[in-house]
Engineer: 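Below you will find the structure I want to go over with you.
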Amino acid sequence: MTELLKISLPDGSVREMPPGSTPGDVAAAIGPGLAKAALAARVDGEVRDLDRPFECDSELALITAKDEDEALELARHDFAHVLAEAVQALYPGTQITFGPATDDGFYYDVMAPPSREPFGMDDLPAIEEKMREIIKADKLLKREVWTRQQLIEKWESEGESFKAEWAKELPEDEELTVYWSGDDWLDMCRGPHLPSTGRLDPQAFKLMRVAGAYWRGDQKNAQLTRIYGTGWLNKKQLNAHLHRLGEAAKRDHRKLGREMDLFHLQEEAHGSVFWHPKGYRIWRELEAYMRRRMDGGGYREIKTPQVMDARQWEQSGHWGKYRENMFVIPDEVPNTEDEGPVISGEADWMALKPMNCPAHVLVFKQGITSYRDLPIRLGEMGCCHRNEPHGALHGLMRVRQFTQDDAHIFCTEEQVVEEVEKFCELADSVYKHFGFTYEIKLATRPEQRFGSDADWDKAEQELRDAVAAAGMANDEYGWEELPGEGAFYAPKLEWHLTDAIGRTWQVGTIQSDRVLPERLDATYVGEDGGRHRPVMLHRAIFGSYERFIGILIEHFAGRLPVWLAPVQAVVATIVSDADVYAKDVARRLKTAGIRVESDLRNEKINYKVREHSLAKVPHLLVVGKREAEEGTVAMRTLGEKEQRVLPLDEAIAVLTEAGTPPDISTDAG
RNA sequence: GCUGCUGUAGCUCAGUGGUAGAGCGCGUCAUUGGUAAUGACGAGGCCGAGAGUUCAAUUCUCUCCAGCAGCACCA
């Protein structure tokens with residue numbers, strides 16, 4: 001008589017099952033409803049297939065569609081397999097490689113057979129149709145354990161060179177698994193999977209696009225076609241997702257930037273922004289805000305050269321590592337007597353600054369600094385140029401000319417933790433003023449780096465200690481470490497903002513650097529009279545003005561808070577008899593410091609309301625005969641349906657209050 | 001930088017081997033109105049740049065440039 005396996009369930013009960021039984025058997029024993037609903041099982045914490053037998057006494061939790069995260073992950077992974085199977089069914093000779101679940105769906109990287117072109121958008125409907133057939137056929141997804149040799153032989157015999165290459169690198173001594181789809185198609189996969197393709201909802205996925213992707217993510221390798229899909233548990237979820245995508249597209253900062261007349265980009269300066277009056281107003285408000293915050297935080301603002309000799313960049317280490325992304329300039333007067341400017345090629349090289357740090361070290365190095373002077377916090381609205389790969393440029397988010405709210409704090413070893421902690425508090429206050437929540441991450445030493453391991457140990461620990469001291473090293477602040485993600489000279493804390501529709505943006509950073517002070521020989525005189533190296537903290541809160549404004553536009557969908565709105569109020573007339581009064585109202589508002597425009601055009605009030613609403617002006621002050629006689633305005637606030645009639649003085653008070661920046665406003669804390 | 005797609009009026013986009021069209025916007029005129037589009041008329045284009053095929057190219061082919069979606073990169 002064999003011993004029964006003890007299977008503990010989440011409710012604390014224990015079921016005894018014969019050896020060889022599976023989570024699916026347990027589900028069936030509990031009830032037919034559960035057996036039908038079960039998608040997979042969590043066995044001792046590991047997600048497994050329903051039909052994979054227990055190996056010993058186990059803790060079991062059955063996964064159903066109610067466990068949405070797990071269920072989605074399983075479904076998306078299955079969609080990816082079905083996609084690969086469909087592509088191969090339709091286009092024999094296609095090589096398959098790899099296809100995981102993503103945040104909103106799945107993809108599969110494939111290589112079209114040499115006989116045809118790479119797959120394109122036009123192929124997607126046919127592939128979708130085939131996928132639905134496979135789902136409707138309800139093919140069993142069956143796990144099997146194979147040896148590495150079996151896998152290699154299988155892939156090589158079928159001409160699947162990518163899969164074969166992969167199989168050869170798998171460990172020889174581990175259990176390697178494949179999953180059958182029915183009895184005519186299989187993929188190498190760790191699993192787990194749903195019991196059968198029929199568990200997928202054929203109406204809950206959509207193939208979205210095709211794109212190039214490198215085999216194993218390496219630019220040197222063959223480029224495959226990546227077919228992207230979005231996948232969900234049911235049609236309702238899919239539709240909700242497609243709706244969200246539409247909403248995100250509506251708030252695209254490139255679209256709103258044009259519609260709101262904030263900025264433009266054009267070929268002649270691609271990757272650099274032409275700011276229009278309204279867009280630059282936002283910039284100026286942000287800059288004024290940041291100056292107040294930095295002044296308040298004990299920073300002193302400086303301005304450093306745009307162009308420096310290449311030798312300076314060699315010494316800092318940037319020349320060797322980033323030269324290809326720097327704009328270099330010959331230090332000579334070009335000969336313009338010929339048709340075009342002629343460069344001799346013998347001049348020294350200079351470069352547009354790609355960052356401000358070396359220049360800040362040079363400012364620090366002027367004169368002799370005592371330990372009594374530290375910390376020294378040097379800030380700069382630093383305009384930098386980086387020659388980014390052209391394919392990387394994207395609206396305001398990735399540009400070739402940008403201005404950082406940069407600063408460098410030079411301090412002693414003992415001051416680092418306190419300074420970083422102060423920065424955490426400053427950043428927290430700034431992000432809250434814009435209504436962002438955020439997560440803090442620590443990016444630690446990369447494989448290629450400058451500096452000793454001892455220094456890296458110290459630097460990483462300082463950052464951890466500072467975040468802990470600020471009370472932010474916990475789940476509430478999404479605290480985690482990202483191994484290998486640091487800069488080549490320093491580990492960094494990163495602030496990842498979450499915007500109004502749940503997307504995340506990495507914006508702020510602080511880095512604890514001992515390399516650059518060493519390379520550029522920065523010193524201070526210590527208490528002992530000797531020379532010491534300061535630690536240099538690189539930090540930014542907005543990151544760059546360009547990108548931060550882009551993020552704000554998308555976060556607020558163009559409806560900026562009143563203090564940032566380029567035009568805070570429009571005075572619009574109903575009849576021309578009110579023109580004189582309207583001009584007076586506008587003048588009074590302007591005197592009160594409100595950014596106001598007046599609209600006296602010969603248009604109907606409906607038209608004016610529509611136009612200024614679409615332009616996202618926060619306050620519309622409508623005046624007609626009645627208001628002119630009574631000395632009032634009919635104020636309509638963007639996003640509200642009702643207008644209210646207020647005496648002019650009261651309206652000015654309301655607008656002044658609404659337009660006060662959050663760091664000045666008394667009730668914003 | 002790589003792969004694919006795109007480039008026509010200020011914007012969004014139709015269209016064609018015989019050098020162009022719509023809607024919105026813009027201008028003029030009429031209309032003076034009460035909270036998301038008043039009407040009529042009008043102006044506006046080297047059809048991204050260069051080369052090739054052709055009697056003829058905005059249209060077909062090639063090269064380049066830029067944009068878009070991914071990838072790679074992001075001090």
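Keep in mind it's a predicted model, so treat the numbers as computed, not measured. Just so we're on the same page: letters track the sequence lines, and every chain starts at 1.
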Engineer: So, does K163(A) use its side chain to make a donor-acceptor pair with the main chain of I96(A) at under 3.5 Å?
Structural biologist: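 No: the side chain of K163(A) does not pair with the backbone of I96(A).
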Engineer: Name all pairs fulfilling the salt bridge (charged side-chain N to carboxylate O under 4.0 Å, His left out) condition that reach into residues 254-265 of chain A, sequence neighbours left out, sorted by first residue then second.
Structural biologist: D252(A)-R254(A), K255(A)-E259(A)
Engineer: Is K441(A) salt-bridged to E481(A), going by a charged N under 4.0 Å from an acidic O?
Structural biologist: no
Engineer: If I pick the C1' atom on C46(B) and the same atom on C41(B), what distance separates them, to the nearest angstrom?
Structural biologist: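 My reading of the C1' atoms in C41(B) and C46(B) gives 29 Å.
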Engineer: To the nearest Å, how far apart are D109(A) CG and U3(B) C1'?
Structural biologist: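 Rounding to the nearest Å, CG of D109(A) and C1' of U3(B) are 12 Å apart.
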Engineer: For RNA chain B, list all stems, counting runs of three or more consecutive pairs where every pair is Watson-Crick or G-U wobble with both distances under 3.5 Å.
Structural biologist: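 Stem segments, range with range: B:1-7 with B:65-71, B:10-13 with B:21-24, B:26-30 with B:38-42, B:48-52 with B:60-64.
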Engineer: Rounding to the closest angstrom, what is the interatomic distance between A57(B) and C5(B) at atom P?
Structural biologist: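 Straight-line distance between the two P atoms is 26 Å.
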Engineer: Shorter than 3.5 Å, N or O on both sides, protein versus nucleotides 8-13 of chain B: list them out with atom names.
Structural biologist:
unit_1 : atom_1 : unit_2  : atom_2 : d
C11(B) : O3'    : R258(A) : NE     : 3.4
U12(B) : OP1    : R258(A) : NH2    : 3.1

Engineer: Measuring from atom NZ of K492(A) to atom CZ of R539(A), what distance do you get when rounded to the nearest 0.5 angstrom?
Structural biologist: 15.0 Å
Engineer: Not counting sequence neighbours, which residues clear salt bridge (Lys or Arg N to Asp or Glu O under 4.0 Å) with E597(A)? List them please.
Structural biologist: none
Engineer: What is the distance, to the nearest angstrom, from the CZ atom on F119(A) to the P atom on C5(B)?
Structural biologist: 14 Å
Engineer: What distance, rounded to whole Å, do you find between the two C1' atoms, one in G15(B) and one in U19(B)?
Structural biologist: 14 Å
Engineer: Let me know the distance between CZ of R601(A) and C1' of G25(B), rounded to the nearest Å.
Structural biologist: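 Taking CZ of R601(A) and C1' of G25(B), I get 11 Å after rounding.
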Engineer: Output all residues satisfying side-chain hydrogen bond (donor to acceptor under 3.5 Å, both in side chains) with D455(A), sequence neighbours left out; order by chain, then residue number.
Structural biologist: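 Result, side-chain hydrogen bond (donor to acceptor under 3.5 Å, both in side chains) vs D455(A): none returned.
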Engineer: Distance between the C1' atoms of G45(B) and G25(B), in whole angstroms?
Structural biologist: 16 Å
Engineer: Polar-atom pairs under 3.5 Å, protein N or O versus N or O of nucleotides 35-46 of chain B: list them with distances, or write none.
Structural biologist:
unit_1 : atom_1 : unit_2  : atom_2 : d
U35(B) : O2'    : R636(A) : NH1    : 2.6
A36(B) : O4'    : R610(A) : N      : 3.4
A36(B) : N7     : R636(A) : NH2    : 3.2
A37(B) : N7     : R610(A) : NE     : 3.4
A37(B) : N7     : R610(A) : NH1    : 3.4
A37(B) : N7     : R610(A) : NH2    : 3.4
A37(B) : N6     : R610(A) : NH2    : 2.4
A37(B) : N1     : R610(A) : NH2    : 3.1
U38(B) : O4'    : K604(A) : NZ     : 3.4

Engineer: With sequence neighbours excluded, give me every salt bridge (charged side-chain N to carboxylate O under 4.0 Å, His left out) pair touching residues 267-282 of chain A.
Structural biologist: R281(A)-E285(A)
Engineer: Using a 3.5 Å distance criterion without hydrogens, assess whether the side chain of H253(A) forms a donor-acceptor pair with backbone atoms of G395(A).
Structural biologist: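 Between the backbone of G395(A) and the side chain of H253(A) there is no qualifying donor-acceptor contact (under 3.5 Å).
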Engineer: If you measure from the C1' atom in A66(B) to the same atom in U53(B), how many Å do you get, rounded?
Structural biologist: 26 Å
Engineer: Would you compute the distance between atom OH of Y489(A) and atom CG of L516(A) and round it to the nearest 0.5 angstrom?
Structural biologist: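 The OH atom of Y489(A) sits 8.0 Å away from the CG atom of L516(A).
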Engineer: With a non-hydrogen cut-off below 4.0 angstrom, is K625(A) in contact with a base, only sugar-phosphate, or nothing?
Structural biologist: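 Counting heavy atoms under 4.0 Å across all strands, the contact made by K625(A) includes a base.
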Engineer: Summarise protein proximity over nucleotides 63-75 of chain B in one line of letters, 5' to 3': B for base, S for sugar-phosphate only, - for none, counting protein heavy atoms closer than 4.0 Å.
Structural biologist: --SSSSSBBBBBB
Engineer: How many Å lie between CD on E259(A) and C1' on C24(B), as a whole number?
Structural biologist: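 For the pair E259(A) CD and C24(B) C1', the rounded distance is 12 Å.
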Engineer: Measuring only the P atom in each nucleotide, how far is G48(B) from U6(B)? A whole number of Å is fine.
Structural biologist: 13 Å
Engineer: Is there a donor-acceptor contact under 3.5 Å from the side chain of E128(A) to the main chain of L207(A)?
Structural biologist: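 Side chain of E128(A) to backbone of L207(A): a pair is present.
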Engineer: Any pair with a residue in residues 503-518 of chain A that passes salt bridge (charged side-chain N to carboxylate O under 4.0 Å, His left out), sequence neighbours left out, goes on the list, sorted by first then second residue, please.
Structural biologist: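 Sorted result for residues 503-518 of chain A: E413(A)-R514(A), E462(A)-R514(A), D499(A)-R503(A), R503(A)-E554(A), E518(A)-R533(A).
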Engineer: Got a sec, which pairs hit salt bridge (charged side-chain N to carboxylate O under 4.0 Å, His left out) with one end in residues 101-110 of chain A, sequence neighbours left out?
Structural biologist: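 Of all non-adjacent pairs touching residues 101-110 of chain A, those that pass salt bridge (charged side-chain N to carboxylate O under 4.0 Å, His left out) are D109(A)-R226(A).
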Engineer: Suppose we screen for salt bridge (Lys or Arg N to Asp or Glu O under 4.0 Å). Which residues come up paired with D584(A), at least two apart in sequence or across chains?
Structural biologist: R587(A)
Engineer: Take atom C1' in G23(B) and the same atom in A9(B), then report the distance between them in whole Å.
Structural biologist: 12 Å
Engineer: Which residue pairs pass the side chain to side chain donor-acceptor pair (under 3.5 Å) test with at least one member in residues 624-642 of chain A, sequence neighbours excluded?
Structural biologist: H619(A)-T637(A)
